[in-house]
Chemist: 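Below you'll find the structure I mean.
Throughout, protein chains are lettered first and strands after them, A, B, ... in sequence-line order, and every chain is numbered starting at 1.
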Amino acid sequence: MGMTITEKILAAHAGKDEVRAGELISIPVDMILGNDVTAPLAIQEFERIGVKTVFDPDKIALVPDHFTPNKDIKSAEQVKIMREFAQRHGITNYFEIGRMGIEHCLLPELGLVLPGDVVIGADSHTCTYGALGAFATGVGSTDMAAAMATGEAWFRVPATLRLIYYGKPRPWVSGKDLILHTIGRIGVDGARYMAMEFAGETVAGLSQDSRFTMANMAIEAGAKNGVFIPDAITDEYVKARARRSYKFYTSCADADYADIIEINVSEIEPQVAFPHLPENTRGISDVADVTIDQVVIGSCTNGRMEDLRVAASILAGRQVASHVRLIIFPGTQAIYREALREGLLDIFVAAGAAVSTPTCGPCLGGHMGVLAKGERALATTNRNFVGRMGHPESEVYLSSPAVAAASAIAGRITSPEAIMGKGCLG
Amino acid sequence: MRQLKGKIWVFGDDIDTDAIIPARHLNTSVPRELALHCMEDADPTFAEKVGEGDIIVAGSNFGCGSSREHAPIAIKAAKVACVIAESFARIFYRNAINIGLPILECPEAVREAKEGHEVAVDLARGLVSNVTLQRTYNAVAFPEFMQAIIGAGGLIDFVKEGLEEGSRHG
Ligand code: SF4
């Protein structure tokens with residue numbers, strides 16, 4: 001019996017010919033990530049261990065992105081803990097505002113996570129890097145602390161759920177719609193403890209940005225990791241960024257899967273997830289009259305160039321509805337600059353949007369667009385839990401950037417087709 | 001490990017970490033401050049009502065969502081003795097073990113439990129007893145490796161021991 005890509009990457013790091021689902025292993029990691037919410041706690045725990053130095057100052061990334069630029073004194077103190085730790089230990093990958101980005105947009109962009117890597121991050125959306133054919137998973141602060149000391153982490157090898165996408169996407173259907181549809185189908189714990197392996201002819205044609213979006217939301221189905229088999233599109237993305245060697249792994253044809261689900265993409269409409277779980281998905285034509293107060297485009301899910309371009313294509317020459325606040329936050333400084341160069345930011349501002357510096361901000365109800373009681377937002381983020389973006393009695397709907405941009409113009413949740421007519425894969 | 005016994009508070013399925021400790025309170029990691037907001041978006045009065053040694057009983061996928069360790073820390077700091085659920089989300093499960101918050105998967109016990117029942121837990125034997133109903137259930141046992149982490153008092157002490165012995169776990 002052959003192995004899946006997830007098993008192969010884990011076996012290689014364990015120094016074994018083979019590992020199997022269920023096996024417990026302790027293995028070296030290639031990159032450890034923490035942010036301004038999780039790293040201060042990890043630093044406190046790291047200090048309890050009593051070692052003097054981190055295992056490798058080049059293999060730790062510290063990204064203050066959640067409450068930055070700091071929204072209050074408490075959050076400024078949290079970042080100060082990170083900054084001082086980074087200085088004390090000579091952490092090379094510490095990113096100050098002005099040079100930073102949302103962690104899961106930033107690390108791949110800088111080539112800090114590569115195909116074949118094992119990456120842990122004290123942030124649940126660390127699974128994003130599976131889009132490059134890496135094993136990447138979210139852990140807690142204590143795991144991060146232990147790994148900063150030892151360079152290792154323990155895992156139970158996950159079983160794999162294989163998702164095969166086939167058929168031609170309909171107009172305006174993007175990676176976000178595929179993953180929302182998938183979560184709607186298998187549920188928020190449909191892949192609990194498992195690897196989600198995204199395969200099939202449709203994903204083979206998906207852009208790297210759309211793949212990041214899909215892998216990003218694997219955790220929303222409870223998965224340990226999401227993974228794509230790396231290919232020419234992956235290589236195109238990583239070859240200019242990598243500063244160390246990387247390796248492509250692939251699943252064996254006779255690999256052992258916990259389950260295989262086939263999804264006919266040609267039947268999928270643009271999707272919307274209703275409050276308060278990402279699994280409450282509906283096709284856009286089944287969305288009745290839902291008026292909105294705020295639209296948020298960005299985040300580690302949809303804050304990349306492809307996302308901003310599709311939003312700009314819809315917003316160009318149009319106006320955001322008078323009762324709607326549209327907030328757009330690009331994923332990184334590099335994305336921000338590229339959007340500036342392409343004139344996208346001008347389109348957004350002209351349409352009546354607020355464009356933010358890269359930050360997690362509104363995505364977790366932190367700052368830069370928190371919802372009041374009874375308000376309703378449509379967001380391109382990944383979670384619509386109770387109180388996620390503000391008051392516990394506010395509501396969050398999730399969609400692609402195309403649906404979000406169209407809806408900002410209409411003032412209610414609307415299909416891009418209603419604004420634009422037929423388009424192409426976003 | 002000690003025997004735990006307490007009054008239970010019942011929650012439903014898919015209680016996420018935003019409900020356990022909302023992000024608006026994440027600009028601190030001080031346990032007693034987090035405890036004041038424990039379970040706030042699932043039950044705003046929970047932090048006032050809960051007593052030392054009480055037990056949380058929940059449905060499936062408890063702790064889904066973000067990786068914030070602040071969630072099990074808030075529960076532990078609110079002096080909750082144990083969480084019993086039908087199932088736990090992966091990162092929450094890992095974090096609870098790593099920080100030493102006792103958790104048990106026991107679907108049968110969850111199904112029959114009602115708010116206010118008294119429940120006793122024997123962690124070493126993996127047994128859950130509903131004192132009110134006078135029924136005992138078998139919970140899912142921890143693998144040996146995790147028992148070793150719990151036995152050491154959490155991951156940090158486990159790693160400390162390992163480093164002191166000079167033999168890294170392989
Ligand atoms: S953008 Fe949102 S989901 Fe992504 S890392 Fe930030 S808070 Fe988490």
Side-chain angles (χ1 to χ4, degrees), chain A residues 14 24 26 36-38 40-42 44-46 48-51 66-67 71-75 77-78 121-126 137-143 145-146 149-150 152 154 156 158 187-189 192-193 219-220 222-224 276-277 279 364-366 370 383 385-388 390 392, chain B residues 13-20 22-31 33 40-42 44 60-62 64-73 86-100 143-146 148-149 154-160 162-164 168-170:
Chain A
L24 279 159
S26 187
D36 52 325
V37 170
T38 59
L41 206 54
Q44 183 189 310
E45 293 302 293
F46 174 84
R48 268 208 320 124
I49 298 174
V51 289
H66 278 55
F67 294 106
K71 72 152 185 155
D72 57 15
I73 295 167
K74 274 186 178 174
S75 54
E77 300 286 348
Q78 296 292 98
D123 189 276
S124 59
H125 293 102
T126 302
T137 190
V139 297
S141 296
T142 299
D143 279 303
T150 65
E152 293 192 0
W154 64 270
R156 190 207 298 257
V188 291
D189 64 350
R192 205 162 45 87
Y193 297 130
I219 177 70
E220 260 50 77
K224 173 175 248 163
H276 291 286
L277 285 175
E279 70 181 19
L364 80 160
V370 177
R383 291 196 171 129
F385 300 151
V386 171
R388 174 70 181 179
Chain B
D13 293 339
D14 303 314
I15 298 291
D16 59 79
T17 55
D18 279 271
I20 298 170
R24 58 184 176 275
H25 305 305
L26 290 184
N27 54 2
T28 176
S29 46
V30 178
E33 286 179 27
E40 190 168 281
D41 284 358
S60 62
N61 207 24
F62 185 83
C64 60
S66 86
S67 69
R68 63 189 70 157
E69 213 157 280
H70 309 65
I73 291 174
E86 283 184 43
S87 64
F88 291 93
R90 190 199 133 248
I91 306 178
F92 183 90
Y93 183 91
R94 196 175 171 109
N95 287 347
I97 289 171
N98 284 346
I99 68 149
E144 242 172 74
F145 181 74
M146 290 180 205
I149 295 176
L155 184 65
I156 294 301
D157 292 302
F158 179 77
V159 167
K160 241 171 143 171
L163 290 174
E164 274 157 22
R168 187 99 58 68
H169 194 85

Chemist: Which one wins on heavy-atom pair count under 4.5 Å against chain B: A:Val37, A:Val370, A:Leu364?
Modeler: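 Most pairs with chain B among the choices: A:Val37.
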Chemist: Heavy atoms only, distances under 4.5 angstrom: which of A:Ser75, A:Gly138, A:Gly387 has the most pairs with chain B? Name it, please.
Modeler: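 Counting heavy-atom pairs under 4.5 Å, the top option is A:Gly138.
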Chemist: At a heavy-atom separation under 4.5 Å, does B:Leu26 approach chain A through its side chain, its backbone, both, or neither?
Modeler: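 Contact with chain A: backbone and side chain both.
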Chemist: Answer with side chain, backbone, both or neither: which region of A:Asp36 has an atom nearer than 4.5 Å to a non-hydrogen atom of chain B?
Modeler: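 Neither part; nothing is under 4.5 Å.
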Chemist: In terms of heavy-atom proximity below 4.5 Å to chain A, should B:Ser60 be classed as side chain, backbone, both, or neither?
Modeler: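 The side chain, not the backbone.
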Chemist: Between A:Arg388 and A:His276, is there a donor-acceptor pair closer than 3.5 Å when you use the side chain of the first and the backbone of the second?
Modeler: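 No; judged by distance alone, with no hydrogens or angles, the pair does not exist.
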Chemist: Run the side chain to side chain donor-acceptor pair (under 3.5 Å) check on A:Ser26 and A:Glu152 step by step: do they pass?
Modeler: CA-CA 6 Å; A:Ser26 187; A:Glu152 293 192 0; 3.2 Å; yes
Chemist: Distance check, rounded to the nearest 0.5 Å: B:His70 atom NE2 versus B:Asn95 atom CG?
Modeler: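 B:His70 NE2 to B:Asn95 CG: 10.5 Å, rounded to 0.5 Å.
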Chemist: Quick one: pull up CD1 in B:Ile97 and CZ in B:Phe88 and give me the separation to the nearest 0.5 Å.
Modeler: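 Between B:Ile97 CD1 and B:Phe88 CZ, I get 9.5 Å after rounding to 0.5 Å.
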Chemist: Taking side chain as everything from C-beta outward and backbone as N, CA, C, O, which of these in A:Ile49 sits under 4.5 Å from a heavy atom of chain B? Side chain, backbone, both or neither.
Modeler: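 Answer is both: backbone and side chain atoms of A:Ile49 are under 4.5 Å from chain B.
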Chemist: At a heavy-atom distance under 4.5 Å, which candidate from A:His125, A:Lys74, A:Glu220 has the highest pair count against chain B?
Modeler: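 Sorted descending by pairs with chain B, the first entry is A:Lys74.
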Chemist: Among residues at least two apart in sequence or on other chains, which ones pass ring pair (Phe, Tyr, Trp, His ring centres under 6.0 Å) with A:Phe46?
Modeler: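 Result, ring pair (Phe, Tyr, Trp, His ring centres under 6.0 Å) vs A:Phe46: A:Phe85, A:His89.
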Chemist: Just jot down the salt bridge (charged side-chain N to carboxylate O under 4.0 Å, His left out) partners of B:Glu69, sequence neighbours excluded, or say none.
Modeler: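 For B:Glu69, no residue satisfies salt bridge (charged side-chain N to carboxylate O under 4.0 Å, His left out) once neighbours in sequence are set aside.
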Chemist: With respect to chain B, which residue among A:Lys224, A:His66, A:Arg156, A:Gln78 yields the maximal number of heavy-atom pairs within a distance under 4.5 Å?
Modeler: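 Of the candidates given, the most pairs with chain B belong to A:Lys224.
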Chemist: Do you know which of B:Ile99, B:Asp157, B:Leu155, B:Ile73 has the most heavy-atom pairs under 4.5 Å to chain A?
Modeler: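 Among B:Ile99, B:Asp157, B:Leu155, B:Ile73, the one with the most close pairs to chain A is B:Leu155.
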Chemist: Non-hydrogen atoms of chain A under 4.5 Å away: do they reach the side chain of B:Tyr93, the backbone, both or neither?
Modeler: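 It is the side chain, since no backbone atom gets that close.
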Chemist: Does the pair B:Arg94/A:Asp143 count as a salt bridge with the N-to-O cut at 4.0 Å?
Modeler: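 Looking at B:Arg94 and A:Asp143, the cut-off is met.
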Chemist: For A:Thr142, does its backbone N or O pair with a side-chain atom of A:Glu45 as donor and acceptor, under 3.5 Å?
Modeler: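 Not confirmed, A:Glu45 side chain does not pair with A:Thr142 backbone.
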Chemist: Side chain, backbone, both or neither: which part of B:Asp41 has a heavy atom under 4.5 Å from chain A?
Modeler: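 Looking at B:Asp41, backbone and side chain both touch chain A.
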Chemist: What part of A:Ile73 gets within 4.5 angstrom of chain B, counting heavy atoms only: side chain, backbone, both, or neither?
Modeler: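 For A:Ile73, neither part sits under 4.5 Å from chain B.
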Chemist: Does any heavy atom of chain B fall under 4.5 Å from the side chain of A:Arg48, the backbone, both, or neither of them?
Modeler: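 Both parts, heavy atoms under 4.5 Å.
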Chemist: For each of B:Ile149, B:Ile156, B:Ile91, tally heavy-atom pairs with chain A at distances under 4.5 Å, and name the one with the top tally.
Modeler: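 Among the listed options, the one with the most contacts to chain A is B:Ile156.
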Chemist: Picking from B:Ala89, B:Gly154, B:Pro72, B:Ser87, which has the most non-hydrogen pairs under 4.5 angstrom with chain A?
Modeler: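 With the most close heavy-atom pairs to chain A, the winner is B:Ser87.
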Chemist: A:Asp123 and A:Thr126: side-chain donor and acceptor closer than 3.5 Å?
Modeler: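 Their side chains do not contain a donor-acceptor pair, so the 3.5 Å distance test is not met.
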